[in-house]
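Take a look at the structure set out below.
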Amino acid sequence: MQKNTRQETYKIVKTCPPKRQGELNFSINSGVFTCSECKKEFEKPWLLKRHSKVHHISNQMATNTVLDKPEQAELIVENTIPDANAFDYLSDEDDSSSIRDEEDNIVDEENDIVDNFFDIEMNSNPVFNAFSDMFSSAAAADEVSMTDNDSEIPEEVFGTIGAINDPTSCYPFCNLQTMILFAFIDGDNDMISQLMLKKILLAMNLIIKIQQETPIERTFKLSRFDALLNYQARKKFKMPVFSSQRISVPGSNGNAFAHINLPSDHLRFLMANPKKSKLISSMPNHTPNQSICLEQGKKWRTHHLFQQSMHTVNGIDIWFGNIVYLKTNNCSICFLVELFHMANKNIFARGYLVRAILIVCYDVEVAVADLRVEQISHVDTTPVERDHYYSISSSLTRLSPAHDFLLFGVHPMKKSMPLSVLPSNVDRDAVFYKVRIVSIILFTDDTSGNHSKQYNPFESWLMRCTALPFKDRNSIANIQFLSTIPKKDGANDKKYVLVVAPILWIETDMSCHLELCGLLGLATTFPCRRCYIELRCAKDFVKDLSYFCECHERQTREHYVLANSSPGRDTEISNALKIGMNMPANKISFRDHSTGHLLELQSFDPEKNTLVEILHTILLGVAKYMVIDLVKVVLKNDIATIARLLEFLTDYTRSTGLSRKFTRNLRHSGSFLGRDFKVLLQILSVILITEFSGNHELDLVISCFVELGQLCSLVVVRQVTSDFDNYIIRVDNAVKHLIRALFDYNKGTKNELHKAYCTKLKVHYLTHLKEDIIRFGPALNYETEKGEQFNKHICEHLFYTNCQNTSRNVCLKLAKQVALQHFNSSGNREKSGTGIESSRELKDNNDTGDIEDDAVQNNSFGAFVFKDDPISHPRIGLVSGSVVKFPSIVPHTDNDRNNNYAKAVMTGEHSDVANMNLVCKLDLHIFRNLFYIVNLSKFGSYWFIFNNILFDE
């Protein structure tokens, strides 16, 4: 295509005559073109030319003329079109190109007219100059100080506006308000983003609408600058204030000062919100053989700090240690309450049956019993005497310690309400505060105060409430900011941030986990924070396969407490390495670190609460190792194979089974992010196994990708609705198969560039993944991607601070945001049209196959069930127009099983799409030898297929 080298020429079109002497009106490329003779307006310049040449040909001059007065200047055009009626003005195709060529050849004889117009107009518009100067001075005042009076508009500006407030006084702007906005945006060197400009325009429109609807008798007034920026310091302001706390943090260079938003203050705001208070607290869930929420994890079900000690039944508070009567005909049977929990969507009281043997003699059964709270009638208020109660199993004995504490002990959460809030006729000792247990998750990571991310480091802390559903828990609106502290002073704030229990876990990357546990770095001899395994990358470090798969001596909480008991970490730990002798803590990777204060929290165990996080362990660990090995080791000089592989990856972008597409170049795999590996791992193994099998060296690495794809498909699931025990077994087997494949690759390859991956710490951590899933549920619940994304917002705040007191400035800004969001969401204000909401939600890059409302797409595969029979077994279907075609899975062979895919062949069965419900999205993009290849490496597909369709497995 020939490049158009013509330059657009600006022409002066006559406008309405000026109303005052010396005033100049003009328009540059105006959207309306007015005839100078009859004042008729046209939308296009060539339409005006046609009109002039036809209707005013006798009055026009042959050439352009420069008149004596600039305000009387007009553009005279020649007549070259004989008949304007010969053209279709509504046609999309016309001869305007020839007319525009003529326009380009029309040049003013006095080229300085336009320059003079600019000089006169811009210098003589007092409104533009006043507002431009006002915006510039307001920005400059920020360097010193700004009071309320600085936001006032000078009176002379209003006088000028009133003098020239007419449509002809604002050229080249269409109106006065547009001129003010241009002065605000481009009047000085201050930058403003498109997002912020949209928010400003939205706020202005809302304010204008409110002003128009304000009754005449009421005063409409905007808040002053200081009232907006420093409202928290004003006594009469009624908006809730979230106060950041200033603390002194000990560091290597002396004490440093930092600011934090305490978790307790966040919980105070959340509990005061009637909508969120019901969601952030929950009791343990004992539904067997499933994991659909964090309450079903082992820690939540067993740790004493997570147990619900009271529950309100029919308006009556039932407490730990209460004896209650049941709704039965047998009055001799009561129930001693220990705690409350859920199971199968019902609430149960757990405790012990109490039977009346004699009038003043009761036996308490040793066996634990559960009963639904609906069976409770009322509380027995009779005083309890120790001599009247006995424990009974096979024989009658004295009260066991558990029964004795229930009957006569005082629960630490049972607090009496003060007299100031109780009526005078109420017994103070009989009324207690209601108890809500709100478990939290803490996230910490390193971030940076500049774009290079190499200097000006900070450490950020975030908090989330664990009882929220998965989607809400990962929403940016429910991630609470705690603190960000510069690391250059050697300060460490762990002692002060972790002040609220119970903590379910602390999630972060591997290096921060080692720092929290008080261990040496990754290069130490015993780098694991869970067990004492020796891992070295030296060539003489040779171990068999069982060494990398078996369990090693545990690094228990007691070991951490012993190591923390002395400043030099020289306390001896007995037989930690199974060598029959004691070892000083500093010889087995423990180091002196201030995070030892974490051990004071009963809910935190360094061994069990620092989880195996799949983003850094699998995606940015094993997956990154293998992709780089494939591209830069195995296929280093094989340009043809890499080109073929890129072609298949490009072809896979047409797949409808994945929500995201892989568009990166494999040669840049060293700079891939976690989201890139998430897409690549779902498609790479099935491409390699179907298109590149047969090469010995390549087959070794293909088997690693196959096992890695199966493991990722298993762990990247939100919940396991049934057969949870079998799910745990499959995850454990997938980890062992992956380690075996890596071990075989290390033994079988002859490439000198290859590195042994079995000795990598991230590979070893996979052996502990099963423990975390049992304790906390599926691994997707503790992925750190959302916290990493939130760091982007923290960095943006850091960029716009003066780097003098960053901790205070960021805490103050986000504390104000919490207070405003609380006020906006407490009632029905979120629907009032204020526009106060999160503008940038965190991105979900996990293609787990979960179904959204608009997920059904044409030519896409999925698992369907009939609407009239929702409990039927799902069937694989292809959406084709208005029908769903059903392929049938062929018998699963050993080769299919080893390659982690299944085969399906199309049948003649089909059903109307309106009769079907989509329950899971699947990927069957590859079609080979009359078979559709069911890609079981797609996240969530492996467990769904084998649990719902391939029952023979």
Side-chain angles (χ1 to χ4, degrees), residues 441-448 453 457-462 487 492 494 503 505-537 548 552 554-555 560 563 588-591 593 595 598 604-628 670 672-675 677-678 708 711-712 715-716 735 738-739 742 755-773 775-776 779-791:
I441 301 170
L442 294 178
F443 170 85
T444 180
D445 193 22
D446 295 337
T447 185
S448 177
K453 299 182 180 180
F458 289 83
E459 183 176 13
S460 62
W461 283 84
L462 308 176
K487 300 188 69 175
N492 196 304
K494 280 88 176 179
I503 299 171
W505 68 68
I506 300 178
E507 60 184 33
T508 182
D509 56 21
M510 290 178 54
S511 59
C512 288
H513 265 152
L514 291 174
E515 186 178 357
L516 289 174
C517 295
L519 298 176
L520 293 173
L522 301 177
T524 185
T525 305
F526 303 98
C528 181
R529 59 181 183 268
R530 298 287 191 87
C531 64
Y532 296 103
I533 181 174
E534 183 181 0
L535 295 174
R536 291 188 286 112
C537 297
F548 300 105
H552 295 262
R554 307 297 300 188
Q555 195 164 332
Y560 282 100
I588 48 178
S589 303
F590 289 96
R591 68 171 179 174
H593 203 278
T595 52
L598 286 171
F604 179 73
D605 187 338
E607 177 207 358
K608 299 176 180 179
N609 300 151
T610 54
L611 312 183
V612 178
E613 197 275 315
I614 60 176
L615 175 63
H616 294 89
T617 304
I618 298 181
L619 300 174
L620 298 178
V622 184
K624 189 172 185 177
Y625 301 153
M626 296 309 304
V627 173
I628 294 178
F672 283 2
L673 301 177
R675 61 173 179 263
F677 287 112
K678 284 184 178 181
L708 181 60
L711 175 62
C712 290
V715 299
V716 186
V735 170
L738 174 60
I739 296 178
L742 295 174
K755 299 179 181 179
Y757 298 122
C758 288
T759 59
K760 296 287 187 180
L761 179 60
K762 292 184 178 181
V763 175
H764 165 71
Y765 273 136
L766 295 178
T767 61
H768 298 292
L769 183 60
K770 177 184 72 172
E771 307 165 9
D772 290 340
I773 295 177
R775 190 167 177 80
F776 300 104
L780 199 59
N781 288 303
Y782 33 92
E783 181 195 31
T784 60
E785 186 177 42
K786 299 300 183 295
E788 301 275 0
Q789 292 179 16
F790 193 89
N791 268 349

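What you see is a predicted model; the values in this text were computed from it and never measured.
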Distance check, rounded to the nearest 0.5 Å: Asn781 atom CG versus Asp772 atom CG?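 Asn781 atom CG to Asp772 atom CG measures 11.5 Å (nearest 0.5 Å).
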Rounded to the nearest 0.5 Å, what separates atom CG in Leu516 from atom CZ in Phe604?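 Going from CG on Leu516 over to CZ on Phe604, the span is 6.0 Å.
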Heavy atoms only: give me the nearest [X]-[Y] pair and the separation to one decimal.
X: Ala779; Y: Ile773; result: N-CG1, 4.4 Å
X: Leu769; Y: Val715; result: CD2-CG1, 3.7 Å
X: Cys758; Y: Ile739; result: SG-O, 3.8 Å
X: Ile533; Y: Cys528; result: CG2-CB, 3.9 Å

In the structure I gave you, are the side-chain heavy atoms of [X] and [Y] within less than 4.5 Å of one another anywhere?
X: Gln555; Y: Pro606; answer: no
X: His513; Y: His616; answer: no
X: Tyr560; Y: Arg529; answer: yes
X: Thr524; Y: Leu514; answer: no
X: Ile614; Y: Tyr765; answer: no
X: Thr508; Y: Trp461; answer: no
X: Phe443; Y: Asp445; answer: yes
X: Ile618; Y: Val612; answer: no

Quick one, Phe548 with Thr759, criterion side chain to side chain contact (heavy atoms under 4.5 Å, CB included). Give me CA distance, side-chain angles, the key distance, then yes/no. CA-CA 8 Å; Phe548 300 105; Thr759 59; 4.1 Å; yes
Only one of Lys786, Glu507, Glu785 clears side chain to side chain contact (heavy atoms under 4.5 Å, CB included) with Leu615; which?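 One option only clears the test, and that one is Glu785.
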Return the orientation label for the Tyr532 and Phe526 ring planes: parallel under 30°, perpendicular over 60°, tilted otherwise.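 Ring orientation, 0 to 90° scale: perpendicular.
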Test: Asp605 and Arg775 ion pair at under 4.0 Å: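 Salt bridge between Asp605 and Arg775, a charged N being under 4.0 Å from a carboxylate O: no.
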Taking it one step at a time, do Thr767 and His764 satisfy side chain to side chain contact (heavy atoms under 4.5 Å, CB included)? CA-CA 6 Å; Thr767 61; His764 165 71; 3.7 Å; yes
Side chain to side chain contact (heavy atoms under 4.5 Å, CB included) between Glu613 and Asp509: does it pass, once the steps are laid out? CA-CA 7 Å; Glu613 197 275 315; Asp509 56 21; 5.8 Å; no
Derivation of the side chain to side chain contact (heavy atoms under 4.5 Å, CB included) call for Ile503 and Asn609: CA-CA 9 Å; Ile503 299 171; Asn609 300 151; over 6 Å; no
